[in-house]
Structure formats: structure tokens, C-alpha cells
Peer 1: 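Supplied in C-alpha cells, the structure appears directly below.
Letters A, B, ... are given to chains in the order of the sequence lines, protein chains preceding strands, and every chain is numbered from 1. Everything numeric here is computed off the predicted structure, so don't read it as measured data.
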Amino acid sequence: NAGVTQTPKFQVLKTGQSMTLQCAQDMNHNSMYWYRQDPGMGLRLIYYSASEGTTDKGEVPNGYNVSRLNKREFSLRLESAAPSQTSVYFCASRERGTSGEQYFGPGTRLTVT
Amino acid sequence: DQQVKQNSPSLSVQEGRISILNCDYTNSMFDYFLWYKKYPAEGPTFLISISSIKDKNEDGRFTVFLNKSAKHLSLHIVPSQPGDSAVYFCAASYAYSGAGSYQLTFGKGTKLSVIP
């Protein structure tokens, strides 16, 4: 099992460009999440999807959109990248019925210049 | 307002000694607490958790203690090993909207360095 995979691993964008971060999990989990990690800030929730077909905003959703393409895949889109979105992005998934344990992907390091 | 706080950004411990990482929370609704370990350039990995109905959970060298009245939890690592050197995140959760949509609220992390 690959667990949670993310592509790309690294990306450099210019201000105003758009891109989509991809995430897939092979654990048949219902819930999926997108976080960003900034130095000294811990992990902050951007968006989550409790189940296929639903998405909800987290703590820091501005500037992002998400799509739960199917049960396996959850993508994060930056429509017009800004330097403030320079961060490391993590995708995670969780099995229904568990209290909180999430499994994380390896992350995407994004730099916006 | 930070709901989960890890007030020590870093901690250094000698190999073989005990490492104690602390975490405080403010939201009384939290009913499940987790510790994650993160190496550089990797995603966080789940380490150990505790439900609010317990005050201790042990898994090998790792023990988590929960003091609900003080809204405080701690992670003990005994004995500490150089491979334990990583950033440790405390996280807390509860069910949103009754739909089982548990979300994790993370602390800022504590960087543990275990010195050989």
C-alpha cells in the first residue's frame, strides 16, 4: 500500500499563476484533508471532505478551492497564487468511525515568487 | 486564539534519559488527543493517542498522560534515542456537527534533539 500520495513534491510559481495539488489515498478512507504548514505555525486546516461528494472550509480557506473527485482523490487548487501561499502543503485521510487519527502524505513544497 | 499550545519550541535530552514534551489546550470540547512525529521533508506520522476517558496510555517507550482538570497532556519517551530526534506535534479533536467530521487542531510543535 502506498498510503497517501501527493504530487508534485516541489513547485515554484509566479504571483498570479494557478496550479492544482493532487492527493490520492489507497486506504479506502472516507475523510480527506488539506493542511498547510508554515514555520512556527504548526499545521492549519485549509479544507476537508468528510465523505465523497462533500467539502467544507477549515481554518484558512481563502485563496483555495478543492475538489473531491472520487473516494480516493482530493485536489487543492490555487486560482491566483500569492507569495503568502508559500508553504508546505499536506494531504491527509482518516477512516470513518475513528476519533481523529489521520494519515499524512509526504507534502508539497510550494514557493510563490 | 490558539486552542492547542506547545510552549517549548525545542528540547534537548541526552540519549538514554527521559524526554517530556508538554501540551496545553483551552477548548473543553476536545475529547481525543494525539501526538504526531515529523522528520524533515516528510509528512507527520501518528505516534500515540489518548481518549478523554483515560488519563494514561502507553505504547512501548512512549506514554501519554492526560490531566483534564488542568487541560494538560504530556508525552514521555523513555529511554530517549537519537532516532527520536524530530518535531513532535500535539493535536486535539472532537466531532463536528455530529457527523463524525473530526478535525484535528495542532499545536506549533516541539523540536526534540536527542544527543548521543
Side-chain angles (χ1 to χ4, degrees), chain A residues 2-7 9-10 21 23-25 27 29-61 68 87-109, chain B residues 1-10 23 25 27 29-54 57 59 64 66 73 86-111:
Chain A
V4 180
T5 57
Q6 293 182 235
T7 55
K9 284 189 167 56
F10 301 94
L21 283 66
C23 173
Q25 52 93 8
M27 296 173 283
H29 288 171
N30 283 291
S31 300
M32 297 185 73
Y33 306 82
W34 275 105
Y35 293 89
R36 60 178 287 172
Q37 186 194 9
D38 302 296
M41 293 295 291
L43 285 88
R44 293 183 292 170
L45 183 65
I46 305 171
Y47 270 93
Y48 69 99
S49 170
S51 60
E52 188 178 355
T54 68
T55 60
D56 285 287
K57 296 178 180 179
E59 181 186 355
V60 288
R68 183 73 182 266
S87 188
V88 181
Y89 292 85
F90 291 102
C91 177
S93 69
R94 181 182 69 84
E95 183 176 349
R96 187 197 296 274
T98 61
S99 296
E101 181 184 333
Q102 296 178 14
Y103 295 84
F104 284 81
T108 294
R109 184 173 294 274
Chain B
D1 183 33
Q2 208 180 347
Q3 298 186 64
V4 177
K5 300 177 184 178
Q6 294 177 257
N7 292 320
S8 298
S10 62
C23 179
Y25 62 95
N27 190 336
M29 293 184 68
F30 288 140
D31 60 5
Y32 199 71
F33 303 90
L34 308 90
W35 285 93
Y36 279 82
K37 177 179 180 178
K38 185 183 179 305
Y39 292 118
E42 294 184 11
T45 55
F46 170 72
L47 190 58
I48 192 169
S49 62
I50 187 167
S51 164
S52 61
I53 63 172
K54 295 185 175 182
N57 188 28
D59 183 1
V64 56
L66 175 63
L73 62 155
V87 176
Y88 289 79
F89 290 100
C90 172
S93 76
Y94 66 96
Y96 276 65
S97 306
S101 300
Y102 285 91
Q103 295 181 24
L104 293 180
T105 301
F106 284 86
K108 293 184 177 181
T110 296
K111 183 176 182 180

Peer 1: Using non-hydrogen atoms and a 4.5 Å limit, figure out which bit of A:Gln37 sits close to chain B: side chain, backbone, both or neither.
Peer 2: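 Side chain only.
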Peer 1: Which region of B:Ala92, side chain (C-beta onward) or backbone (N, CA, C, O), has a non-hydrogen atom less than 4.5 Å from a non-hydrogen atom of chain A, or is it both or neither?
Peer 2: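 For B:Ala92, there is no contact with chain A at all, as no heavy atom is under 4.5 Å.
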Peer 1: Would you find a donor on one side and an acceptor on the other, under 3.5 Å apart, between the side chain of A:Gln6 and the backbone of A:Gly107?
Peer 2: yes
Peer 1: Below 30° counts as parallel, above 60° as perpendicular, anything between as tilted: where do the rings of A:His29 and A:Tyr103 land?
Peer 2: tilted
Peer 1: Quick one: what part of A:Leu45 sits under 4.5 Å from any heavy atom of chain B, side chain, backbone, both or neither?
Peer 2: side chain
Peer 1: For chain B, find which of A:Ser51, A:Ser49, A:Pro106 contributes the most heavy-atom pairs closer than 4.5 angstrom.
Peer 2: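 Of the candidates given, the most pairs with chain B belong to A:Pro106.
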Peer 1: Decide yes or no for A:Glu95 and A:Met27: does some side-chain heavy atom of the first lie under 4.5 Å from some side-chain heavy atom of the second?
Peer 2: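 A side-chain contact under 4.5 Å is absent here.
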Peer 1: Within the distance-only criterion (no hydrogens, no angle test), does the side chain of B:Ser52 pair as donor or acceptor with the backbone N or O of B:Tyr32 below 3.5 angstrom?
Peer 2: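 No, B:Ser52 side chain to B:Tyr32 backbone: no donor-acceptor pair under 3.5 Å.
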